[in-house]
Amino acid sequence: MEKHGQVASLCLLLVFDAVELLNETVKVFLMQLLNFAEAVAIRRRSLEKLFQILDMYDALSGVFPDLEAMVMDEFVCTETKRVLAGLGRATKGTFMEFENAVKRETSSLC
């Protein structure tokens, strides 16, 4: 009976190690994705790139609830929220620049 308990303990340790390894592997890929999303958010704003920013925001915010449930690392969730906020600011900034360009164009016509 004791042998079964040792085998069960060993199996649990292996499962926990495998889960931890998977979590770390996923974290590496998620951080690459977040770095890319952050690069999209901080690059020069232009109306042509607005849809790329919106698509990135939509995709990242769409998977965030699942990501939050799967990933055991709070840092990844915090970084995802930070990148989403940056994409939101980039969207607002792009709209503001577009609004200002329209105002300049309209005032030059009058």
Side-chain angles (χ1 to χ4, degrees):
M1 188 71 159
E2 185 176 313
K3 198 172 205 175
H4 292 292
Q6 290 174 344
V7 170
S9 295
L10 182 60
C11 287
L12 282 174
L13 286 174
L14 289 173
V15 168
F16 286 130
D17 285 345
V19 168
E20 187 175 323
L21 179 63
L22 178 63
N23 198 35
E24 287 301 312
T25 303
V26 168
K27 181 179 173 182
V28 169
F29 289 109
L30 285 172
M31 293 309 296
Q32 288 178 348
L33 174 66
L34 293 175
N35 286 337
F36 177 75
E38 186 171 33
V40 167
I42 63 173
R43 69 181 177 188
R44 192 177 69 78
R45 294 180 183 144
S46 70
L47 192 56
E48 296 82 22
K49 295 175 182 164
L50 177 62
F51 290 105
Q52 293 172 347
I53 297 170
L54 290 171
D55 286 344
M56 182 65 71
Y57 184 90
D58 185 50
L60 197 53
S61 65
V63 299
F64 182 68
D66 294 329
L67 175 71
E68 203 170 25
M70 284 184 350
V71 176
M72 294 179 223
D73 192 327
E74 186 60 34
F75 175 75
V76 173
C77 293
T78 302
E79 280 299 293
T80 303
K81 290 176 188 175
R82 188 184 63 75
V83 170
L84 280 168
L87 289 166
R89 284 190 302 275
T91 300
K92 289 176 188 174
T94 302
F95 275 121
M96 288 172 41
E97 287 182 20
F98 177 64
E99 179 183 15
N100 291 336
V102 169
K103 286 179 182 177
R104 282 192 305 272
E105 192 64 33
T106 311
S107 66
S108 67
L109 293 175
C110 297

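Here, residue 1 is the first one in the sequence, and each next residue gets the next number.
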TODO: Would you kindly confirm whether Met31 and Ile42 end up in one hydrophobic cluster when ILVMFWY residues are joined by side chain heavy atoms under 4.5 Å apart?
DONE: no
- [ ] Kindly write out the residues that satisfy side chain to side chain donor-acceptor pair (under 3.5 Å) with Glu97, not counting sequence neighbours, or none if the list is empty.
- [x] none
- [ ] Please check if Phe75 and Leu33 belong to a single hydrophobic cluster, counting links between Ile, Leu, Val, Met, Phe, Trp and Tyr side chain heavy atoms closer than 4.5 Å.
- [x] yes
Task: Contacts of type side chain to side chain contact (heavy atoms under 4.5 Å, CB included), residue Lys81, not counting sequence neighbours - done: Phe64, Glu68
Task: Check: Thr80 and Val63 side chains under 4.5 Å, non-hydrogen atoms - done: no
TODO: Drop me the distance from Leu60's CG to Asp55's CG, to the nearest 0.5 angstrom.
DONE: 12.5 Å
Per-pair distances, 0.1 Å, donor-acceptor, side chain in residues 82-94, under 3.5 Å, sequence neighbours excluded:
{"from": "Arg82", "atom 1": "NE", "to": "Glu79", "atom 2": "OE1", "distance (Å)": "3.3"}
{"from": "Arg82", "atom 1": "NE", "to": "Glu79", "atom 2": "OE2", "distance (Å)": "3.2"}
{"from": "Arg82", "atom 1": "NH1", "to": "Glu38", "atom 2": "OE2", "distance (Å)": "2.8"}
{"from": "Arg82", "atom 1": "NH2", "to": "Glu38", "atom 2": "OE2", "distance (Å)": "3.2"}
{"from": "Arg82", "atom 1": "NH2", "to": "Glu79", "atom 2": "OE1", "distance (Å)": "2.7"}
{"from": "Thr91", "atom 1": "OG1", "to": "Leu87", "atom 2": "O", "distance (Å)": "2.9"}
{"from": "Thr94", "atom 1": "OG1", "to": "Ala90", "atom 2": "O", "distance (Å)": "2.7"}

Task: Residues which pass salt bridge (charged side-chain N to carboxylate O under 4.0 Å, His left out) with Glu48, listed by chain and number, not counting sequence neighbours - done: none
Open item on the list: Through direct or indirect side-chain contacts below 4.5 angstrom among Ile, Leu, Val, Met, Phe, Trp and Tyr, which residues connect to Phe51?
Closed with: Leu47, Leu50, Leu54, Phe95, Phe98, Val102
Task: Partner residues of Lys49 under the salt bridge (charged side-chain N to carboxylate O under 4.0 Å, His left out) criterion, sequence neighbours left out - done: none
- [ ] Under 4.5 Å between side-chain heavy atoms, chaining through other members, with only Ile, Leu, Val, Met, Phe, Trp and Tyr counted: pull out the rest of the cluster around Phe29, sorted by chain and number.
- [x] none
TODO: Locate the shortest heavy-atom distance separating Ser61 from Pro65; write the atom from each residue and the value.
DONE: O-CD, 3.5 Å
